[in-house]
Structure formats: structure tokens, C-alpha cells
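To start, the structure itself, in C-alpha cells.
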Number of protein chains: 2
Amino acid sequence: MANIKDIAKSAGVSVTTVSRVLNDHPYVRKEKREAVLRAIEEFNYQRNINAVHLSKGETFLVGVAIPYTDVPYFGLMLEGIANEAVKNNYKLVLFQTNYEETRELEALKMLQHKQIDALIICSRSCEWEVIDEYVQYGPIVLCEDARGKNVSSTFIDHYKCFFNALEYLHNKGHQKIGYCVGRKSGANSKQREKAYKDFLKKENLSFDPHYIFYDCNKFEDGVKVIEQLTRLQDPPTVLLVTSDIVAAGIITCCKEKDIAIPGDLSIMGFDNQPIAQMMHITTLEIPLVEIGRKLFRQSIGSRNPSHEEIMVKLIERQTI
Amino acid sequence: MANIKDIAKSAGVSVTTVSRVLNDHPYVRKEKREAVLRAIEEFNYQRNINAVHLSKGETFLVGVAIPYTDVPYFGLMLEGIANEAVKNNYKLVLFQTNYEETRELEALKMLQHKQIDALIICSRSCEWEVIDEYVQYGPIVLCEDARGKNVSSTFIDHYKCFFNALEYLHNKGHQKIGYCVGRKSGANSKQREKAYKDFLKKENLSFDPHYIFYDCNKFEDGVKVIEQLTRLQDPPTVLLVTSDIVAAGIITCCKEKDIAIPGDLSIMGFDNQPIAQMMHITTLEIPLVEIGRKLFRQSIGSRNPSHEEIMVKLIERQTI
DNA sequence: CTGTTAGCGCTTTCAC
DNA sequence: GTGAAAGCGCTAACAG
């Protein structure tokens, strides 16, 4: 493969000049620029990316730490990230964490060692203290409310969302409201729990820990929810399900067991994924692809942390 | 960050010696090796990966071209690839192609320009002639039968599979068999079409183009299938659906429309994804994660193309 | 505007 | 066994 020297020689200029046209610097006379361009064309020349990286100390690689690749929620976010990455000529390095802290740490370590320029964490597993140690090494961006922290974030105010949703359901006449989330320990789950408890207190409703269902990530997790729910003496009349996929699983399972929706049980989903439309699920629309795009932009944007709140929208359909 | 020189100085040896211990070369006296190791420890030294890459002419990056990130079929495969990548200290560069040829070409170009060491194409969009032009630049591995071509592959014999499945259904008494696939033009789809036609001929059954449903990738695609199917004068009595997710969508839709399964319509899925178990779908088990692992291993293995056929297994449940 | 040159950090040949 | 030194291909002061 031809290198910059070959091009320089062929175009009758110095390597610097070639480098200048390669990098769109000004101060290159038109004729020379054209000569260089011609030589590049002729040799089908392509920069050696590794040399560029070494020289610049940048990798044009952005890490993406994602819990699962086979969960559409993250898949959609990844799509947004990937879209924006190609647009900006960056490559993505994928870390599937399975919510294991050590896997996230690997990604953080790569940031430390300059093997990636920035890191996007789609759903954090590490403690904040751990993240804090690594912010000095490069931009870290999260998909959760990180205002006040030293990292960027694109986030949804899950407290507010949840509280509003709860009020909506309450106004519809529901007194016994349950909900399903992914990890119990996730930051979002904690915000939701707080909203839930605050809401209960405000409305003078009593708290029943059995009304909360954990580890709901995939379609098939709906089965467990219904199994647990049917075992309850006094089950909730509505479920706030933080993923349409899981909501769909729940609904499917209910049909099997002749539990009428919304007759016996109402369901409110999250995300407004295509499946929600198909199954007529009332849901909170979250623009996941757009969130992915924003996350990426923050990762390569200014060094100063920025924060952007994403608004959600209620889509009323037929499960409530 | 400390570099190799600092380590050399601190350990009282030359950079060469440091490099030797770094790369596990023999011919380093024990004491020196230990001194180096100690210095590395002390400085928390980490190799500059870009320098290594430049020097070696390798990137330790493997490209993965995947049509969609939010389709669990590919998500599962990606999981296997990602697993094996971390194990081997490689990083993945993700290309979401959306089945657009140009996106796949971008990946191929990166291979050409040594920006990645190898490329895994999970579902090909380009013609073989195009792929052929790029095999000279580095290993390309595909997830389709590529025996006889100059690339590696891990594949399923879709012709055989389909034929067997068809026979199974026929033995169960079905005469009107339809099927659903993703892209009409995909290599796998063509194999299946051939198997389908051959089977029909063998059994002296007539061919009805309306019995084939295309563009079935996601859960929500099930709706279209049922819409089309119900419009048919003489609809099939069983559907071979090449993705459990789609099968699940079809089943869900059928429930809504009071189409009994397997009474009115039988369904056979593909993959044995968790959703299949949950919905009791009779399906052909395909070890996607394992396929991903194998694909990755082939991508960094010997330069000689290798081919591995993956066997599938019928899982009988309640939809037939 | 343009070219010379000194790195970037590591690997590897070659001579000792 | 060991080290000096020549690259790998590109960028960016700096001098002109």
C-alpha cells in the first residue's frame, strides 16, 4: 500500500503538504492541492489509521457498554449510537456487560489507557465512586440523570415520569398499582421506587412490596410476573411495565390464562416500541434511537459535561 | 502515562528487553525479567495500543456487519461474537447495515485499508463478486454456506433443514404448507425456496406464491402475515416461520382474531429463542450464540478458509 | 504558502 | 542474552 511519502513524491511536494490536504488545512496552493488529490486518486491511497492514531494520540474509537445486545431496548439505543458514529467517522467498540461490574471496568480501563477516546455507558453497573476515578481519562457519558456529576448525560426524569404515570392511573380509578422494572439496584429503578413511595404516601395508599416485580427485561419474563401476580391474595389492578416487550409478554401470558386486559388487569408499557402498537399497548413513548444519537454526540463533543433531559409522551391505546 | 522508555530506565535495561518481556519472548535473564515486571507494576504501565498496531501492522479490531442491532436473532449472534472477542483481546467494530449494500461496502473498505484485521458478515447484502474482490485484504467470514468460496463460514444447511421440516409437517398430515422468511433475496431464502419447490414437486403438491411471506424479521411483522393469510381463498394450514419472534407475533395476532393454534393454523418456529419456550412454539433449535463464537474464531484463525456446518434440532411443543 | 524535521511508542533486525 | 538503532506512517512545530 502506498504511503504519504509515495504520494508526496508522485505529486512533487513534501509530505507536509500531503498531510495538509489530507486534513483539510488551509494554506495549500490550489495547483498543489490538485496534484496531491490526483496522486491520491491514482494510487488509491488510504491513510494508515494506526499511524494517525499514534501521532494524534486519538483513536476515533468510542466504547459502548451495553448490558445485553439481544434486548431491543438497548438495540434501539445502539442503533442511534451507531448511526451517529458512522456519520462522524468514528468506530464503536462494543462491551457487552451483562450488568457485571467487571465488564464495565474493562471498558473504563480501556479509556484510561487511551484505547478508546470516550465511553458511553448505556446502563451503569459500577458505583459512582468508580466512575469518578476515570473521568480524568476521557469523556464518559451516561443514560441516566447525572446532573451534578462530572460526566455527560442524556436522560429521562424517571421520577417525574413515574409519578405522572401513577397519577394518570389513579385518575383512571386504580387504587392497587404495581410495577415491573429491570434491575432492582439500577439508578432508574431507585428513582422509580421513590416516585412510587412518594405517590403512595401522597394518596394515602399502603405499600405492598409484592406489587413490585424485578428482573423484567425480556418478553419471556412476563410469565414470571403473571405467576407471581396470580399467587397474590389481593393483586394489583394495573401494572406499570417499564418495557413494552415485557408488557407484551405479560399480555400474551394473560391471554393464555384468560385474564382479561384491561378488564382484570390493566397494563401500561414503556418505550412505544413497534410491538406496543401491534398489541395496542398504552405506553409512554421514549425516543430511544434519538437518545442514542445524543449520547454519541455528547461523547465526542466538548470536554465540559452536558446534560439533556428527554421528554416522554403518553400514547393511549387499549390496555388501560 | 509512562512509556516503554521509562520502564527501561527504571529497570536498568534497554527498551528491547522490555519489549521482549512484554511479548513473552525467550532470551531474557530471569533477574532482568523480574526487574522489568516490577517497574511495570510500579508505574502501572500500559502499552500504547496504537503504537503496537502501527508497528505490527495489525489492529486487533474485527469488524462485524450486522443488518439490525434490535433483532434478537442477530443480537444473540453478536453476543457470541462479543464473548469470544474479549476472550481473545480483540475489539469489535460494529457496522449496522440495514441490509444496505453500501454499508457493507464500507466495512469491506475498512478491511482493505487495514483498519480492521478481519470482517464478519452476519447476513450478506453484497454479491459474491464484490466479496471476492476483498478477500485478498484479510479474512472474511460469513454465516452462510460458503463452501467452494474463498472465505470462511459457519452455516446451517438451510436446504436440508427446510426439506426435513417440510417432510415433518407433511407427515403430520399437512398438505398446504406456507412459510415466512426475512429478505426475499437473501442466500438463505433462496436455499429455502429451492427446498420448498423441490419438496412440492416430490410430493406432487402445487405451488402457490401466496404461500410465501417475505420481510418477516420482527414480532410486529406477524400482523402483516396474518392479514395477508386471512385474505387468501385457500390459506395454508401450517406456516414454517424462520424466526421465533415472528412466530410469536403471528400467534399473538391469531389469538386476537380467534384463529386457533394449532387448530386452524399450525406454526413451526426457528431458533428456539426463549420466547419460543414461553409460548410453547414447536421450533428448530439453532445455537446462535455458539455460531457467533465460531464465527469469531474463524475470523482470527488460520488464513485458510474453513467451513463448519451447524446442526439443528427439532423441539416439539404445542403449535403443531 | 511550503518543506525540514523531530517526534508519537513500540517492534525487530542485527551486531556484539 | 542484550542493546543500539532503524523503521512503522503520520502530524505539527518551526523556519523560511
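Keep in mind the model is a prediction, meaning the values are calculated, not measured. In what follows, chains are A, B, ... by sequence order, proteins preceding strands, each numbered from 1.
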N/O (side chain, B/Ser14) to phosphate O (OP1/OP2, D/dA4) under 4.0 Å: no
Does A/Glu41, at its CD atom, have more than 12 non-hydrogen atoms belonging to other residues, nucleotides or ligands within less than 6.0 Å? no
Quick one: B/Asn23 CG to C/dT13 P, roughly how many Å, whole number? 12 Å
Nearest to the side chain of B/Val13 - C/dC10, C/dT2, D/dG3? D/dG3
From NZ of B/Lys56 over to P of C/dT13, roughly how many Å is that when rounded to an integer? 12 Å
Nearest whole Å is fine: how far is D/dG3 C1' from B/Arg29 CZ? 13 Å
How many whole angstroms separate atom CG of A/Asp24 from atom C1' of D/dA12? 16 Å
Selection from D/dT11, C/dG9, D/dC10 that lies nearest to any side-chain heavy atom of A/Tyr45: D/dC10
Take atom CZ of B/Arg47 and atom P of C/dT12, then tell me their distance rounded to the nearest Å. 10 Å
Euclidean distance, atom CG of residue A/Leu54 to atom P of C/dA6 [Å, nearest integer]: 17 Å
Ignoring the backbone of B/Val52, work out which of C/dT11, D/dC10, D/dG3 is nearest its side chain. C/dT11
Pick the nucleotide of DNA chain D nearest each of A/Leu22 and B/Pro26; which residue has the one closer to the 5' end? B/Pro26
Below the 4.0 Å mark, does C/dG3 have OP1 or OP2 next to a side-chain nitrogen or oxygen of A/Thr17? yes
I want to check something: taking the side chain as every heavy atom from C-beta on, are A/Lys91 and B/Met110 in contact at a cut-off of under 4.5 Å? yes
Which residue is it: A/Ile81, A/Ile291, A/Leu78? I am looking for the one with a side-chain contact (heavy atoms from CB on, under 4.5 Å) to A/Cys122. A/Ile81
Counting only side-chain N and O atoms of A/Asn50, is one of them less than 4.0 Å from OP1 or OP2 of D/dC8? no
Any idea which heavy atoms bring A/Phe43 and A/Asp6 closest together, and the distance? CE2-CB, 4.4 Å
Whole-Å distance separating the CD1 atom of A/Ile4 from the P atom of C/dT4: 13 Å
Face-on cation placement of B/Lys109 at B/Tyr137 ring, 6.0 Å and 45° thresholds: no
Using a 4.0 Å heavy-atom cut-off, does A/Val28 contact any base of the nucleic acid, only the sugar-phosphate backbone, or nothing at all? sugar-phosphate
Can you measure A/Ile40 atom CD1 to D/dC10 atom P for me and round it to whole angstrom units? 10 Å
Confirm from the modelled atom types if A/Ser55 and D/dA12 form a donor-acceptor pair under 3.5 Å, side chain to base only. no
Which nucleotide, D/dC10, D/dT11, C/dC8, lies nearest any side-chain atom of A/Val15? D/dT11
Side-chain-base donor-acceptor pair under 3.5 Å for A/Thr16 and D/dA12: yes
Got a donor-acceptor pair under 3.5 Å from the side chain of B/Arg20 to the base of D/dG3? yes
What's the closest nucleotide to the B/Lys32 side chain, out of D/dC10, D/dT11, D/dG3? D/dG3
Qualifying residue, where the test is side-chain contact (heavy atoms from CB on, under 4.5 Å) with B/Ile140 and the options are B/Asn150, B/Val151, B/Asp132: B/Val151
